[in-house]
Amino acid sequence: MDRLSAAPAAGLAPAFRALPEAAPLEMPVQSLPQAPRRGRPATSPRGMGLRRGVVIGGAVALTVEGAHEMYLVLSVGGMTTLEILVLVLFVALFAWIALSFTSALAGFFSLLAGGGRRLLDPPGSPLPPLSTRTALLMPTYNESPARVMAAVQAIDEALRTAGVGAHFDSFILSDTTDPDVWIAEEAGFLAVRARTGGDGRIFYRRRAKNTERKAGNIADWVRRFGAAYPQMLVLDADSVMTADAIIRLAAAMERNPGVGVIQTLPIIVNGTSLFARMQQFAGRVYGPLIAYGIAWWHGSEGNYWGHNAIIRTRAFAEQAGLPILPGRKPFGGHIQSHDFIEAALLRRAGWGVHMVPGLAGSYEESPPSLADLAIRDRRWCQGNLQHMAVLRARGLHWVSRLHLLTGIGSYITAPMWLAFLVFGILISLQSRFEPPAYFGGRPSLFPHWPAVDPVRSKFVFVGTMAILLAPKLLAYVALLARGADRRGCGGALRALLSLLVETVLAGLIAPVAMVTQSVDVGAILLGRDSGWQTQRRDDGSIPWREVVWRYRGVTVFGLLLGLAAFLVSPFLFFWMSPVVLGLALAIPLAALTARRDVALRRAGLLRIPEEAHPPAELARASALYATLRAEEAQAAVGVRLLFGDPRLLEAHRCMLPPGRRPGRDPIDVVQVMARAKLAEAGTLDQALAGLTPAERAAAL
């Protein structure tokens with residue numbers, strides 16, 4: 001294997017450095033039982049008590065009225081145990097949608113009034129000057145290197161065009177475990193530096209062990225380089241932001257020293273499958289209404305969504321070091337959904353956490369299929385359920401606790417909804433087959449029939465659906481008031497048709513998500529860890545056999561549910577038909593929505609403004625990605641790429657961490673095995689064939 005140990009030819013500049021000089025910043029682990037003293041952020045808007053009273057008080061009032069009406073529906077013949085359970089579930093679920101409604105209503109008025117830009121310059125104002133340096137962090141885990149490098153280059157070019165390139169450095173922070181992707185990342189890094197002249201401005205670092213996942217990735221950068229950068233802007237592997245947005249965020253942090261986090265509203269773009277285009281239309285039309293609402297009543301107690309947000313580095317280092325939760329996985333161990341916790345800890349220490357939905361120029365992508373969404377949801381579900389262990393932490397602001405409860409509720413409501421439906425069928429069975437109790441627990445001249453009020457139940461159903469769907473109607477009205485967005489969505493009529501298409505498809509998909517999330521919650525409660533799988537970004541297509549295998553259980557459950565409802569009562573079957581239909585059609589729904597959307601795109605439906613007129617940075621990133629992806633497909637892979645390019649091999653060796661220190665560091669068994677196999681191999685092909693992926697990574 002002389003070829004594997006051959007010295008590389010010269011090719012790199014003598015001063016080649018993949019990383020800047022170290023600038024260590026201590027990041028201590030925080031205590032949940034002990035809390036630092038906190039004050040009210042100076043950036044907190046006035047009248048927050050009144051705002052929160054309107055939103056939360058309105059939701060409480062709606063819930064009380066809904067609970068009263070549902071009680072009258074169920075108590076016609078006296079309350080049975082099942083009916084009490086249904087009432088409890090109804091109240092909890094109704095409170096969830098009532099709070100969403102009142103928050104969206106606040107967002108509607110804030111959006112029309114031109115809010116959502118607190119801390120920022122007025123719209124259309126000149127770009128503010130900058131005086132500090134900001135690090136742009138791009139964490140990646142087995143993602144397409146072409147996608148990552150395209151985004152890094154597009155953002156870097158835009159910042160240099162705006163004349164502020166000297167104020168921003170970009171860091172590609174790799175947690176990649178796939179050895180072929182690792183080498184492609186290094187090759188892409190060298191190439192993007194060469195194309196942009198980015199030496200000293202664009203950097204790359206790969207961790208050999210991805211401890212604590214993304215949170216650990218960011219924390220590692222903070223501890224090694226954080227002292228050199230007052231701010232860090234955290235991106236995702238599918239994120240793109242405009243220079244205008246980045247500059248205004250950095251300037252806002254400079255002007256407001258008491259702010260710890262400023263979160264933007266990322267707009268979903270680049271969807272090609274029907275499922276992805278549904279997601280991006282919903283995010284583009286309904287998303288602003290939701291974001292404006294929570295920004296209006298959250299104030300300086302906002303939340304952090306993990307990406308497309310700027311963070312004060314020193315505040316983050318001092319307050320956001322995450323502890324290891326006691327107990328075993330899935331609830332114990334490293335915190336997975338780190339962003340909510342980091343925001344809560346920063347606010348606990350008195351730092352302001354703000355959302356600025358009025359700032360345009362923040363973009364991300366969505367999963368391309370229902371199956372991909374389920375994979376991501378499984379991971380998020382476990383992370384959010386972990387928050388139950390953090391709820392009792394001392395010193396958290398009550399709004400921060402509400403954020404944690406909201407994250408938990410976003411998954412707990414699925415099994416609650418499922419239980420509500422099942423109990424509803426059981427009540428109908430009880431009403432039909434249980435004999436009258438002439439001699440009940442209290443004296444009575446008449447039998448106590450288990451019964452419900454059918455007329456009032458219809459009104460409760462209609463009222464519940466109205467509150468559930470009202471935010472979509474409000475979002476459409478708000479869209480009509482914004483001319484550019486209305487035209488970008490195809491005009492008033494096409495936008496309305498798109499809204500109807502999205503509502504119908506989302507209504508059919510919702511029961512499928514209910515069942516899969518219920519299964520996820522059950523699996524997590526039984527102790528099954530979700531792991532960390534790579535997220536697909538582009539192609540959502542799935543072989544028909546795999547779709548059938550994934551959703552066969554959901555389909556069977558839907559058919560059985562429908563049969564049970566019909567046998568009890570045709571009226572009950574009609575009432576449950578939307579749920580039954582969605583479950584019964586799970587297989588064709590999952591398959592068809594994962595395909596590339598051609599028909600609706602041609603008809604001008606589910607359009608968003610960024611499809612027809614993307615901002616320059618987004619268009620540039622897309623064009624670069626297409627070019628780099630084509631080049632990537634033609635290039636050698638992994639080790640073959642490495643040994644076909646002496647300059648890359650030399651850079652690879654320069655970027656490796658220090659080797660094992662005999663007597664001080666533990667022996668890496670995987671690396672020992674890799675060395676032994678390499679020593680026995682006669683050719684490169686034999687070596688590659690004999691190594692597992694982990695051994696290839698160790699050898700590299």
Side-chain angles (χ1 to χ4, degrees), residues 54-106 108 286 289 409 413-414 416-432 434 446 448-477 499-500 503-504 506-508 510-511 514 561-562 564-583:
V54 168
V55 172
I56 297 177
V60 170
L62 285 172
T63 303
V64 169
E65 178 61 23
H68 177 254
E69 290 297 317
M70 192 63 173
Y71 172 77
L72 295 177
V73 168
L74 297 171
S75 63
V76 174
M79 296 287 285
T80 66
T81 301
L82 277 176
E83 288 169 334
I84 293 173
L85 289 174
V86 166
L87 180 61
V88 170
L89 288 170
F90 175 83
V91 171
L93 293 168
F94 193 90
W96 180 265
I97 65 170
L99 181 60
S100 299
F101 167 74
T102 55
S103 182
L105 191 62
F108 175 74
Y286 318 142
L289 194 78
T413 49
M416 290 172 62
W417 181 21
L418 182 58
F420 179 78
L421 294 174
V422 173
F423 289 162
I425 292 178
L426 294 178
I427 285 177
S428 298
L429 277 171
Q430 184 182 30
S431 301
R432 183 171 181 179
E434 183 174 313
F446 303 99
H448 302 295
W449 294 89
V452 297
D453 184 335
V455 176
R456 192 181 295 273
S457 67
K458 293 178 184 178
F459 285 111
V460 170
F461 175 77
V462 171
T464 302
M465 293 304 297
I467 291 176
L468 183 65
L469 297 176
K472 294 193 175 190
L473 181 59
L474 291 173
Y476 176 71
V477 174
L499 185 146
L500 295 175
T503 300
V504 170
L508 291 173
M514 170 194 69
L561 192 69
F566 183 79
L567 292 176
V568 172
S569 164
F571 175 78
L572 178 64
F573 175 79
F574 177 76
W575 180 74
M576 294 187 61
S577 59
V579 173
V580 172
L581 188 62
L583 295 175

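As the structure is a prediction and not an experimental result, all values here were calculated from the model.
- Residues Phe566 and Val580 are not in side-chain contact: their nearest non-hydrogen atoms beyond the backbone lie 4.5 Å or more apart.
- Heavy atoms only, all atoms of each residue included: Ala475 and Tyr286 are closest at CB-CD2, 3.7 Å.
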Return a table of donor-acceptor pairs under 3.5 angstrom between the side chains of residues 86-105 and protein atoms on other chains or two or more places apart.
unit_1 : atom_1 : unit_2 : atom_2 : d
Ser100 : OG     : Trp96  : O      : 3.1
Thr102 : OG1    : Val55  : O      : 3.0
Thr102 : OG1    : Ala98  : O      : 3.3
Thr102 : OG1    : Leu99  : O      : 3.2
Ser103 : OG     : Trp297 : NE1    : 3.0

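- Atom CG in Leu426 sits 12.0 Å away from atom OG1 in Thr81 (nearest 0.5 Å).
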Side-chain atoms of residues 57-71: list all donor-acceptor pairs with protein atoms under 3.5 Å, sequence neighbours left out, distances to 0.1 Å.
unit_1 : atom_1 : unit_2 : atom_2 : d
Thr63  : OG1    : Ala59  : O      : 2.7
Glu69  : OE1    : Arg456 : NH1    : 2.9

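- Put simply, OG on Ser457 and CG on Leu72 are 12.0 Å apart, with the number rounded to the nearest 0.5 Å.
- Every pair tested for salt bridge (charged side-chain N to carboxylate O under 4.0 Å, His left out) that includes a residue from residues 88-105 fails, sequence neighbours excluded, so the list is empty.
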Expected list for residues 461-473: side-chain donor-acceptor pairs under 3.5 angstrom, two or more places apart:
unit_1 : atom_1 : unit_2 : atom_2 : d
Thr464 : OG1    : Val460 : O      : 2.7
Lys472 : NZ     : Glu502 : OE1    : 2.9

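- Residue pairs that meet the salt bridge (charged side-chain N to carboxylate O under 4.0 Å, His left out) test with at least one member in residues 88-102, sequence neighbours left out, do not exist here.
- Separating the CG atom in Leu82 from the CD1 atom in Ile425 is a distance of 12.0 Å, to the nearest 0.5 Å.
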